[in-house]
Amino acid sequence: MAAITATSLLAAGAVAVTETTLGASDTFEYSSGAILVLRNASAGALTPKIDGDGGSTVKVGGLPPVDVSAGYTLASVAAGAVVAIRLDGIAEYLKGTITVSGGDAMVATLLQA
């Protein structure tokens, strides 16, 4: 289990980016404004899941409570494809200890503005 280290984008000019090759289950810390970039370096499609172990249900105006306890599963990411996730958009899934699973061999970059 590797920890995905955030790269701060607050410095002037070019910034060296930290990349982490994912294993079966990896962790990271969520901060407002962060973006997680996942590049599928494997030979096949992968379907990663991002899950905070403290998620339960969320009230959404006009709807019954939405269960976020199972985590946020991305659509299939083809071999060689890159996806970026604005983590503020899935913040309710990111309560507690956050793990990324199902992304074995993907390369992760966590950008913090």
Side-chain angles (χ1 to χ4, degrees):
M1 180 182 291
I4 303 167
T5 304
T7 298
S8 174
L9 299 178
L10 297 179
V15 176
V17 173
T18 302
E19 294 183 324
T20 303
T21 300
L22 302 182
S25 178
D26 304 273
T27 63
F28 69 92
E29 291 186 20
Y30 164 66
S31 294
S32 181
I35 296 172
L36 180 63
V37 179
L38 298 173
R39 177 172 49 89
N40 187 350
S42 77
L46 295 171
T47 309
K49 179 171 78 169
I50 303 169
D51 185 20
D53 66 359
S56 58
T57 58
V58 179
K59 287 189 171 202
V60 179
L63 297 173
V66 176
D67 185 355
V68 297
S69 63
Y72 180 80
T73 302
L74 280 73
S76 181
V77 180
V82 179
V83 296
I85 303 106
R86 188 179 56 82
L87 296 178
D88 289 347
I90 62 167
E92 294 297 334
Y93 291 93
L94 306 177
K95 307 287 185 192
T97 302
I98 305 164
T99 59
V100 179
S101 58
D104 199 9
M106 287 187 124
V107 177
T109 305
L110 182 59
L111 304 173
Q112 182 65 52

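Only this structure's heavy atoms are used, side chains among them; waters, hydrogens and symmetry mates stay out.
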Given I4, L111, L110, T7, the one that forms side chain to side chain contact (heavy atoms under 4.5 Å, CB included) with T18:
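That would be T7.
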
Hey, could you give me the CD/OG1 distance between E29 and T5, rounded to the nearest 0.5 Å?
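Nearest 0.5 Å value for the CD-OG1 distance: 9.5 Å.
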
Pairs involving residues 100-113, ordered by first then second residue, that meet side-chain hydrogen bond (donor to acceptor under 3.5 Å, both in side chains) (sequence neighbours left out):
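Non-adjacent pairs meeting side-chain hydrogen bond (donor to acceptor under 3.5 Å, both in side chains): zero.
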
Please list all pairs passing the side-chain hydrogen bond (donor to acceptor under 3.5 Å, both in side chains) test where one or both residues lie in residues 56-66, with sequence neighbours left out.
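Non-adjacent pairs meeting side-chain hydrogen bond (donor to acceptor under 3.5 Å, both in side chains): zero.
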
Taking only distance into account, with no hydrogens and no angle test, what donor-acceptor pairs under 3.5 Å do side-chain atoms of residues 64-75 form with protein atoms, sequence neighbours excluded?
unit_1: D67; atom_1: OD1; unit_2: S69; atom_2: N; d: 2.8
unit_1: D67; atom_1: OD1; unit_2: S69; atom_2: OG; d: 2.6
unit_1: D67; atom_1: OD2; unit_2: S69; atom_2: OG; d: 3.4

Side-chain atoms of residues 80-99: list all donor-acceptor pairs with protein atoms under 3.5 Å, sequence neighbours left out, distances to 0.1 Å.
unit_1: D88; atom_1: OD1; unit_2: Y30; atom_2: OH; d: 2.5
unit_1: D88; atom_1: OD1; unit_2: G33; atom_2: N; d: 3.0
unit_1: D88; atom_1: OD2; unit_2: G33; atom_2: N; d: 3.1

Remaining members of V15's ILVMFWY cluster at a side-chain heavy-atom cut-off under 4.5 Å?
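Taking Ile, Leu, Val, Met, Phe, Trp and Tyr as members, V15 stands alone, with no cluster partners.
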
Would you please name every residue forming a side-chain contact (heavy atoms from CB on, under 4.5 Å) with A2, sequence neighbours left out?
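Listed in chain order: T20, D26.
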
Can you list every pair that meets ring-ring contact (aromatic ring centres under 6.0 Å, His included) and has a residue in residues 39-63, with sequence neighbours left out?
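Sorted result for residues 39-63: empty, none.
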
Please answer: with hydrophobic residues joined when any side-chain heavy atoms are less than 4.5 Å apart, are V58 and I50 in the same cluster?
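The answer is yes; both residues are in one hydrophobic cluster.
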
Which residues pass the side-chain hydrogen bond (donor to acceptor under 3.5 Å, both in side chains) test with T21, not counting sequence neighbours?
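Residues passing side-chain hydrogen bond (donor to acceptor under 3.5 Å, both in side chains) with T21: none at all.
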
List the atom pairs, with distances to 0.1 Å, where a side-chain N or O of residues 35-44 and a protein N or O form a donor-acceptor pair under 3.5 Å, not counting sequence neighbours.
unit_1: N40; atom_1: OD1; unit_2: S42; atom_2: N; d: 2.9
unit_1: N40; atom_1: OD1; unit_2: S42; atom_2: OG; d: 2.6
unit_1: N40; atom_1: ND2; unit_2: G44; atom_2: O; d: 2.9
unit_1: N40; atom_1: ND2; unit_2: V77; atom_2: O; d: 2.8
unit_1: N40; atom_1: ND2; unit_2: A78; atom_2: O; d: 3.3
unit_1: S42; atom_1: OG; unit_2: G44; atom_2: N; d: 3.3
unit_1: S42; atom_1: OG; unit_2: G44; atom_2: O; d: 2.8

